[in-house]
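Please read these numbers as outputs of a predicted model, since none were measured by experiment. Each chain gets a letter, A, B and so on, in the order the sequences are listed, and its residues count up from 1.
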Amino acid sequence: MLPAEHRLRHRDDFTVALKQGARAGTRRLVLHWAATDRAHPTRVGFVVSKAVGGSVVRHRTQRRLRHLTADRLPGLPADGGLLVVRALPAAGSATSADLAADVDRGLRRLGLTGRG
RNA sequence: CGAGUCGGCCGGGCGGCCGCGUCGGCCGGGCCUGCUCGCAGGGCCGGCCGCCGAGGAAAGUCCGGACUCCACAGGGCAGGGUGGUGGGUAACGCCCACCCGGGGUGACCCGCGGGACAGUGCCACAGAGAGAAGACCGCCUCCCCGAGCGAUCGGGGCGGCAAGGGUGAAACGGUGGUGCAAGAGACCACCAGCGCACCGGGUGACCGGUGCGGCUCGGCAAACCCCACCCGGAGCAAGACCAGACAGGCAGCGUUCGAGGGCGGCCCGCCCGAGCUGCCGGGUAGGUCGCUGGAGGCGUGCGGCAACGCACGUCCUAGAGGGAUGGUCGCCGCCGCUCCCCGGAGCGGGCACAGGAUCCGGCUUACAGGCCGGCUCGUCCA
């Protein structure tokens, strides 16, 4: 799991990131980013709908995304924000390398690569 | 050896590295409590090490229980469920054995298997008639008309009949005889079937036998219904506790002449009872427990046809909370494709169905590939 302080847990937070945040789409993913003024570490959540696949496929996809995102967590802005990684149907049949490339591409478009 | 049938089991294996989660240990930091004042205990954060870490269906959420709360879990109605018999079990709609009916040469398989003389209802199409039913074709006596010498034939009518034909999933017994104008359980014999009595076997469903009776009145209960038995309700987001935040106001009903409540409905009984309801305003996303050791797995022995039970020994095997299993590499097994020196090489996100969420017992559904065993039939050999 992600450390508790980095977990996005409440439905309202998801809504804010999805509806009000900046968006960057790739073939397999859509990343949503909403900067907040709260003094709270950056929180990350995942959305993997049934369109991606069955229960096994959905869980595997979310695990891959969580590990990929956890590796990149130190590079994200430290002053707080909400990041939601949403999986598109193509994510279910993608390789881990493909997903990693899409995560990096999405973060770059949102201007989140590298601390600072 | 071939064909078949039933049952049990596995469901990729081994290893390296990085990462994740529970638990345990060690080290460091800071916090709280206690006192004999430098030690003990508790929990928090970080690092390192070690153990363990999804399934046979974890699934569908269809039954049954454990557990929790509703004071107790009471009666009746309504409602729901089950439905051959006996047993197993905590319990079941599950399992085992047997009975009955049907299928198969057989092993074996299939059956939502109580009641249709308690009542009501339905039986499409076809058909005259679908139930105290019915007469279309048909068969027959008699009467009338016509033809013929006549036997007889044709047409019509009052009646009788239900054997033969025809319809249908189904038409109220079957075969042979007596009988008759023609016929018919009208009567007789045997058989089938129904009912009753007795005898024998079985715990029982039921089976076998003997005698008698009236000769016989279909099907559907997954139509209503009747009978027997079972079911109080809600569910781990149950529920218990800790910490913390806030702000109340107005209206209605009520405090022994009692509001309201007792978690699906109604009535009764019993119990709790000083608050309850509506509107406006305000607050709330924290933590701990429940939470995994159990009707538990495995082995041996005993009882039982079996399901299963008992005794002894032995083992400990996930516990999250937006939810831990991901990535990568090597070797092997199986599969597919390509290549050729016919045995290897190369390629491949190939290797099913599928991911725990309180826990068990079942059922049902999905499933690549594979292993083991019992039994039956056929063929061949001894």
Side-chain angles (χ1 to χ4, degrees):
Chain A
M1 288 185 288
L2 295 171
E5 58 188 11
H6 292 300
R7 270 179 248 159
L8 218 172
R9 307 180 60 182
H10 301 296
R11 183 166 193 80
D12 292 349
D13 293 334
F14 276 89
T15 305
V16 166
L18 292 172
K19 294 284 171 66
Q20 301 171 19
R23 186 166 29 166
T26 64
R27 271 196 64 183
R28 304 168 190 86
L29 303 173
V30 178
L31 278 69
H32 302 261
W33 170 260
T36 59
D37 51 356
R38 293 196 218 171
H40 192 285
T42 295
R43 283 168 293 174
V44 183
F46 304 92
V47 176
V48 184
S49 77
K50 279 193 179 174
V52 175
S55 181
V56 173
V57 172
R58 291 203 308 276
H59 277 89
R60 186 173 61 225
T61 304
Q62 183 169 347
R63 284 170 189 146
R64 288 166 163 174
L65 292 174
R66 186 176 57 246
H67 279 280
L68 291 168
T69 310
D71 293 341
R72 290 155 178 75
L73 206 51
L76 296 177
D79 54 341
L82 306 175
L83 177 67
V84 171
V85 179
R86 185 156 57 88
L88 296 174
S93 55
T95 66
S96 290
D98 290 339
L99 289 177
D102 275 17
V103 168
D104 287 333
R105 194 172 300 130
L107 290 175
R108 199 160 51 241
R109 288 189 193 167
L110 290 168
L112 298 175
T113 42
R115 186 179 288 269

Just compare B:U328, B:G321, B:A285 and give me whichever is closest to any side-chain atom of A:Ser96. B:U328
Between B:A285 atom P and A:Phe14 atom CZ, what is the distance in whole Å? 18 Å
For B:A147, the Watson-Crick or wobble partner whose two distances fall under 3.5 Å: B:U152
Applying the Watson-Crick and G-U wobble criteria at under 3.5 Å, what pairs with B:G232? Answer none if nothing qualifies. B:C70
Got a list of protein N/O to nucleotides 52-58 of chain B N/O distances below 3.5 Å?
{"from": "B:A54", "atom 1": "N6", "to": "A:Arg63", "atom 2": "NH2", "distance (Å)": "3.0"}
{"from": "B:A54", "atom 1": "N1", "to": "A:Arg63", "atom 2": "NH2", "distance (Å)": "3.3"}

Taking the nucleotide of RNA chain B with the closest heavy atom to each, which residue, A:Leu8 or A:Asp71, is nearer the 5' end? A:Asp71
Answer for the Watson-Crick or wobble partner of B:G83, both distances under 3.5 Å, is B:C227
Residue matched to B:U5 through Watson-Crick or wobble contacts both under 3.5 angstrom: B:G374
Could you check if the base of B:A184 is syn or anti? Syn means the glycosidic torsion is within 90 degrees of 0. anti
Would you mind classifying the nucleic acid contact of A:Arg9 as base, sugar-phosphate or nothing, using non-hydrogen atoms under 4.0 angstrom? base
The Watson-Crick or G-U wobble partner of B:C77, with both key distances under 3.5 Å, is B:G265
For B:C291, which nucleotide in any strand shown is its Watson-Crick or wobble partner with both distances under 3.5 Å? none
Residue pairs, two or more places apart or on separate chains, that pass salt bridge (charged side-chain N to carboxylate O under 4.0 Å, His left out) and touch residues 63-73 of chain A: A:Arg72-A:Asp104
Can you figure out which of B:G323, B:G322, B:G327 approaches the side chain of A:Arg66 most closely? B:G323
For B:C347, what is the paired nucleotide under Watson-Crick or G-U wobble rules, both distances under 3.5 Å? B:G336
Under 4.0 Å: is that the gap between some side-chain N or O of A:Arg64 and OP1 or OP2 of B:G327? yes
RNA chain B: 5'-proximal contact among A:Gly45 and A:Asp98 (nearest heavy atom): A:Gly45
Across every strand shown, the nucleotide meeting Watson-Crick or G-U wobble geometry with B:U210 (both distances under 3.5 Å) is B:A197
